[in-house]
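Chain naming here is simple, since letters A, B, ... match the order of the sequence lines and numbering starts at 1 in each.
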Amino acid sequence: MVVLEAPTESKMAPPHHFDWDINDTNIPKVSEFDPFVEWTDGHCRFVYPVEQEEAKRHSSGWAMRNTNNHNVNILKKSCLGVLMCSLRCTLDGGAKVHLRPAICDKARKKQQGRPCPNKSCSGRLEVMQCRGHCGYPVTHFWRHTEHAIFFQAKGVHDHPRPEAKSTAEARRSLTGRGLTSTLPGQTSHRSLHPRPLHHHHNPRISGNKRPFLLLSLPRPLGRVF
DNA sequence: AATTGCGGGGATT
DNA sequence: AATCCCCGCAATT
């Protein structure tokens, strides 16, 4: 990484391939922005407009939690992995169970040990941790300037994607009604689910986002000067 | 009740 | 000093 750190001559670099790192003291201005990428993976960087709502929220398809890096200018988040069935069962539709870990520690602890949502499975939910960045969770970095929101990711996720945030929220509002507590060692099967809740994977999302079309961007290009 | 960001503080290298 | 983690707090949704 690096470049353009020349203490004296920081202004001038070749107009082309202007490189930047989230930690640079001088971050370049950009004239073009990237479309928001929900499922970033690998070492990548994007620049979003300050009006971009997802970017403003520092959101991601991956379940990311804030981690303190003691730097007020750069927000750091690390991946929480994915909630899986301990028996790795397969749902009727052929899909696997990979739910979204709650960001809140307390809520996530409650998720673990709950019965697998597959009613014909006796497994329990457990967190598969992310170790995609040198044995540590994948990290995301966010940095705001007057003109743009800079994003940088480090590491390659070594686990399946969790369900999308919108899907997790939808289920939460369905399932979280009334009595909540179901303890791991308990017999209270709260399979009150009116309908099978597999199809997490594309019922509604097609309307407002196209998850796959934008993923084929080979890399960020043509946006910097 | 869960999300998000902040920040103190501990452990390690 | 840097990096990583855990925890509690507060504002927000």
When clusters are formed by joining ILVMFWY residues with side-chain heavy atoms under 4.5 Å apart, either directly or through shared neighbours, do A/I103 and A/M84 land in the same one?
no
When you group the ILVMFWY residues by side-chain heavy-atom contacts below 4.5 Å and let the links chain together, are A/V50 and A/V37 in the same group?
yes
Closest approach to the side chain of A/K76, judged atom by atom: which nucleotide of C/dC4, C/dC5, B/dG5 is it?
C/dC4
Atom pairs and distances, donor-acceptor, side-chain atoms in residues 144-151 of chain A, under 3.5 Å, two or more places apart:
unit_1	atom_1	unit_2	atom_2	d
A/H144	NE2	A/H58	NE2	2.8
A/T145	OG1	A/H147	N	3.2
A/T145	OG1	A/A148	N	3.1
A/T145	OG1	A/A148	O	3.2

Would you mind reading off the distance between [X] atom [atom1] and [N] atom [atom2], rounded to a whole angstrom?
| X | N | atom1 | atom2 | result |
| --- | --- | --- | --- | --- |
| A/R108 | B/dA1 | CZ | P | 17 Å |
| A/L75 | B/dG7 | CG | P | 11 Å |
| A/I103 | C/dC6 | CD1 | C1' | 16 Å |
| A/R131 | C/dC4 | CZ | P | 15 Å |
| A/N23 | C/dA2 | CG | P | 11 Å |
| A/I74 | B/dC6 | CD1 | P | 12 Å |
| A/K165 | B/dA2 | NZ | C1' | 12 Å |
| A/K106 | C/dG8 | NZ | P | 10 Å |

By nearest nucleotide on DNA chain C, pick out whichever of A/K109 and A/H70 is the more 5' one.
A/H70
Could you check whether the side chain of A/N68 and the base of B/dG8 have a donor-acceptor pair of N or O atoms closer than 3.5 Å, going by distance alone?
yes
Phosphate-side-chain proximity, [X] and [N], N/O vs OP1/OP2 below 4.0 Å:
| X | N | answer |
| --- | --- | --- |
| A/K110 | B/dA2 | yes |
| A/K77 | B/dG5 | yes |
| A/R57 | B/dG5 | no |

For A/M64 and for A/V72, find the nucleotide of DNA chain B with the closest heavy atom, then tell me which residue's nucleotide is more 5'.
A/M64
Kindly indicate, with the supporting measurements, whether the criterion side chain to side chain donor-acceptor pair (under 3.5 Å) is fulfilled by A/K77 and A/T139.
CA-CA 6 Å; A/K77 297 183 138 191; A/T139 46; over 6 Å; no
